[in-house]
Amino acid sequence: MKRNDYISWDEYFMGISLLSAQRSKDSHTQVGACIVSQDNKILSVGYNGMPTGCSDDEMPWDRNGEFLDTKYPFVCHAELNAILNHAAGSLQNAKIYVSLFPCNECAKAIIQSGIKEVVYWEDKYADTDGVKASKKMFELTGVKIRRYIPTNREITIRL
Ligand SMILES: Nc1nc(=O)n([C@H]2C[C@H](O)[C@@H](COP(=O)(O)O)O2)cc1CO
Ligand SMILES: [Zn+2]
């Protein structure tokens with residue numbers, strides 16, 4: 001008989017996004033992204049981190065202070081990493097599952113790469129101009145945005 005308590009596609013891809021976020025060295029906000037084709041094949045994953053070659057131990061992780069003493073000019077967002085990690089092929093008509101709503105810079109990269117749907121977990125920066133700009137661009141370009149509805153399913157993975 002067929003097993004029927006298997007996880008849904010949404011749970012699977014959001015779960016991978018949340019697991020990827022666990023790789024982040026950012027102590028304040030860990031973000032994960034998982035890009036999936038129209039027919040539900042995983043194309044790429046990413047999380048927020050310093051550019052390759054910029055040591056996690058030497059780069060700043062602060063949120064406040066002089067701009068150049070903070071993480072902001074340096075850190076590569078989860079969505080951009082996932083897009084750039086997709087070395088070959090097209091992201092046309094793909095979907096991106098993200099643990100945090102994309103900023104305006106990532107929104108541009110999402111649109112330009114051909115991704116057509118954004119499924120997000122959290123939108124804690126909804127009041128910022130960056131996120132407002134993202135929503136404007138997604139609306140104008142017909143990129144669908146959808147909040148992931150938590151199912152409260154608990155999965156324990158003992159590592
Ligand atoms: N969508 C996003 N994807 C991301 O990867 N990030 C990253 C950049 C920083 O490393 C961190 C946000 O830091 P904070 O301002 O919450 O301490 O999350 C941030 C956003 C928010 O737009
Ligand atoms: Zn971003």
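None of the values given here were measured: they were computed from a predicted structure. Read the numbers this way: they start at 1 and go in the same order the structure lists the ligands and their atoms.
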Side chain, backbone, both or neither: which part of [X] comes within less than 4.0 Å of ligand 1 when only heavy atoms are counted?
{"X": "R63", "value": "side chain"}
{"X": "Q30", "value": "neither"}
{"X": "C103", "value": "both"}
{"X": "Y125", "value": "side chain"}

Donor-acceptor pair between K71 and N48 side chains, under 3.5 angstrom: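 Checked: K71/N48 side chains show no N/O donor-acceptor pair below 3.5 Å.
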
Starting from [atom], what is the nearest protein heavy atom, named by residue and atom, and what distance separates them?
{"atom": "atom 12 (C) of ligand 1", "result": "T29 CB, 3.7 Å"}
{"atom": "atom 18 (O) of ligand 1", "result": "N48 ND2, 3.3 Å"}
{"atom": "atom 9 (C) of ligand 1", "result": "D26 OD2, 3.4 Å"}
{"atom": "atom 13 (O) of ligand 1", "result": "K71 NZ, 3.1 Å"}
{"atom": "atom 2 (C) of ligand 1", "result": "E79 OE2, 3.5 Å"}
{"atom": "atom 21 (C) of ligand 1", "result": "L100 CD2, 3.5 Å"}

Ligand-residue contact atoms, ligand 1 with [X], heavy atoms, under 4.0 Å:
{"X": "P102", "result": "1 (N)"}
{"X": "V75", "result": "8 (C), 9 (C), 10 (O)"}
{"X": "H28", "result": "14 (P), 16 (O), 17 (O)"}

Least distance between heavy atoms, M14 atom then Y97 atom: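 Of all heavy-atom pairs spanning M14 and Y97, the closest is N-CD2, 3.9 Å.
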
Atom nearest to the Zn ion (ligand 2) - H77, N, O or S atoms considered: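 Nearest N/O/S atom of H77: ND1.
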
Electrostatic pair K108-E105, nearest N-O below 4.0 angstrom: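 Salt bridge between K108 and E105, a charged N being under 4.0 Å from a carboxylate O: yes.
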
Salt bridge (charged side-chain N to carboxylate O under 4.0 Å, His left out) evaluation trace for R146 with D10: CA-CA 11 Å; R146 171 165 70 87; D10 266 9; 2.7 Å; yes

Within-cut-off N or O pair, F101 and ligand 1, under 3.5 Å: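 In this structure, F101 places an N or O atom under 3.5 Å from an N or O of ligand 1.
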
V31, any N or O under 3.5 Å of ligand 1 N or O: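 No, there is no polar N/O contact under 3.5 Å.
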
K25 to Y47, cation-pi by 6.0 Å centre distance and 45° axis angle: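 Pair K25/Y47 does not count as cation-pi.
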
Among V118, L80, V31, side chain to side chain contact (heavy atoms under 4.5 Å, CB included) partner for C106: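 Among V118, L80, V31, the one that satisfies the side chain to side chain contact (heavy atoms under 4.5 Å, CB included) with C106 is L80.
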
